[in-house]
Protein chains: 2
Amino acid sequence: MRLTKKERQSYLSQALEQNPFLTDEEVAKKFHVSIQTIRLDRLELGIPELRERIKHMAEKKFDRVQSLSPNEVIGEVIDLQLHKNGISLLEIGFEHVFERNQIARGHILFAQANSLAIALADWKVALTGNASIRFVRPVQLGEKCIAFANVAEAYDSRLHVGVQTKVQEEIVFQGDFEVYRVSDDRGN
Amino acid sequence: MRLTKKERQSYLSQALEQNPFLTDEEVAKKFHVSIQTIRLDRLELGIPELRERIKHMAEKKFDRVQSLSPNEVIGEVIDLQLHKNGISLLEIGFEHVFERNQIARGHILFAQANSLAIALADWKVALTGNASIRFVRPVQLGEKCIAFANVAEAYDSRLHVGVQTKVQEEIVFQGDFEVYRVSDDRGN
DNA sequence: CCTCATTTTAATACCTAGTCCTAAGTGCTA
DNA sequence: TAGCACTTAGGACTAGGTATTAAAATGAGG
């Protein structure tokens, strides 16, 4: 039997969400109704025509602002004992999370820890070599992340830094960073 | 004076690249020529009409909507086989480097690789669990980083992704990411 | 079974942003 | 002045619609 209007409209929404490239004609055939019926449905559901749907998608794509805060350090360093330990604070904002689920993107937590690890080294040029990290639990929008960094081993031109990031005493991120010194010979 | 054909066509390519949403009529006015001239130009340059341009953009984007919203990727994903492999391109700009030495910050390379690894997962909500990474050599301002990601192991709700980032065939970054799926129970 | 509202289909005019084609005009130059 | 490249104009046609009006078909209640 044919679907009822409600059912059809519900399936229509779904179908167009799943594949916005369908023309009215195509869905009309799918549902065995006339084009006009589909158009009435779209009208009632407030779904724009194919071309508008496509355009909106393209526009969204177009304004992809390649974010990730520029030169700023990610997080605010609030305490620092060079070659010993440091603390950095970061409140997760809109610019740090996935739109869809408001969970902080991994590289944001990484960036906070990494920045802090590098800040610990009292060298003109310090870079990260290896790192091993663990995202213990997802961090939500609005949560305040406090990263605690401790130097585990210190060599002449290498530093092993352990970082634990917590939200209210709960560990959310853990990482071990190997930071090394680059002789500032302008060569690199 | 009016531009020559060559000049006009060159500007036309540029203009449409910069803003693909321009109609023939709009550019015709801009260049003070007739619509037909613009259409001939497009024909000669092999530039498709507005609607096709927009459609292609939307399609490209649609390929990878599952796990990603536009501005969530660092770098430009130029190839992607879900659950298999992917390639992402990132040119290191001023906003990515340390002021002092113009070396890319570690978390930028991490972000590129991490984004790509997550993009590989065809899941609504995908997050990074563990990661082990190595910054092989510093990357300078202006260098183009190409990240190659390959799924090493795929489970029902976990993916092991290996990422190698190269600058002109030279490996600069290496990482192993464990990406996991989060059941989308709205509770998360 | 008839009636009435809802739902569906049809028909028409119009729109945008084009394609494709033919024809005519312009400007330079050999 | 003829030839050529370039430009413009016009008409016919296209997809994928909007907007409007009107006529059927259908289902439910009395």
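Here is the naming used below: chain letters follow the sequence lines, and residue numbers restart at 1 for every chain.
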For this session: Check whether any side-chain nitrogen or oxygen of B:R8 sits under 4.0 Å from OP1 or OP2 of D:dC6, and answer yes or no.
Result: no
Problem set entry | A:T37 vs C:dT9: side-chain N/O to OP1/OP2 distance below 4.0 Å | yes
Let me know the distance between [atom1] of [X] and [atom2] of [N], rounded to the nearest Å.
X     : N      : atom1 : atom2 : answer
B:Q9  : D:dA5  : CD    : P     : 15 Å
A:E49 : C:dT16 : CD    : C1'   : 9 Å
A:Q36 : D:dG17 : CD    : P     : 12 Å
A:F31 : C:dT7  : CZ    : P     : 17 Å
A:E44 : D:dT18 : CD    : P     : 13 Å
B:R51 : D:dG16 : CZ    : P     : 9 Å
A:L40 : C:dA10 : CG    : C1'   : 12 Å
A:I35 : D:dT18 : CD1   : P     : 11 Å

For this session: Please check if the side chain of B:N19 supplies one atom and the backbone of B:F21 the other of a donor-acceptor pair under 3.5 Å.
Result: yes
Problem set entry | Parallel, tilted or perpendicular: ring planes of A:F31 versus A:Y11, cut at 30 and 60 degrees | tilted
Problem set entry | Ring geometry between B:H160 and B:Y155 (parallel below 30°, tilted from 30 to 60°, perpendicular above 60°) | perpendicular
Exercise. Within the structure shown, what part of the strands sits under 4.0 Å from A:R42 by heavy-atom distance: base, sugar-phosphate, or nothing?
Worked result: sugar-phosphate
For this session: For B:R53, report the nucleic acid contact type (base, sugar-phosphate, nothing); a contact means any heavy atom under 4.0 Å.
Result: nothing
For this session: Check every atom of D:dT8, D:dT18, C:dT9 against the side chain of B:S34 and return the nucleotide holding the closest atom.
Result: D:dT8
Exercise. Picking from C:dT19, D:dC6, D:dT8, which would you name as closest to the side chain of B:K5?
Worked result: D:dC6
Problem set entry | Test: A:E49 and A:R42 ion pair at under 4.0 Å | no
Exercise. At what distance, to the nearest 0.5 angstrom, does CG of B:L109 lie from CD1 of B:I133?
Worked result: 9.5 Å
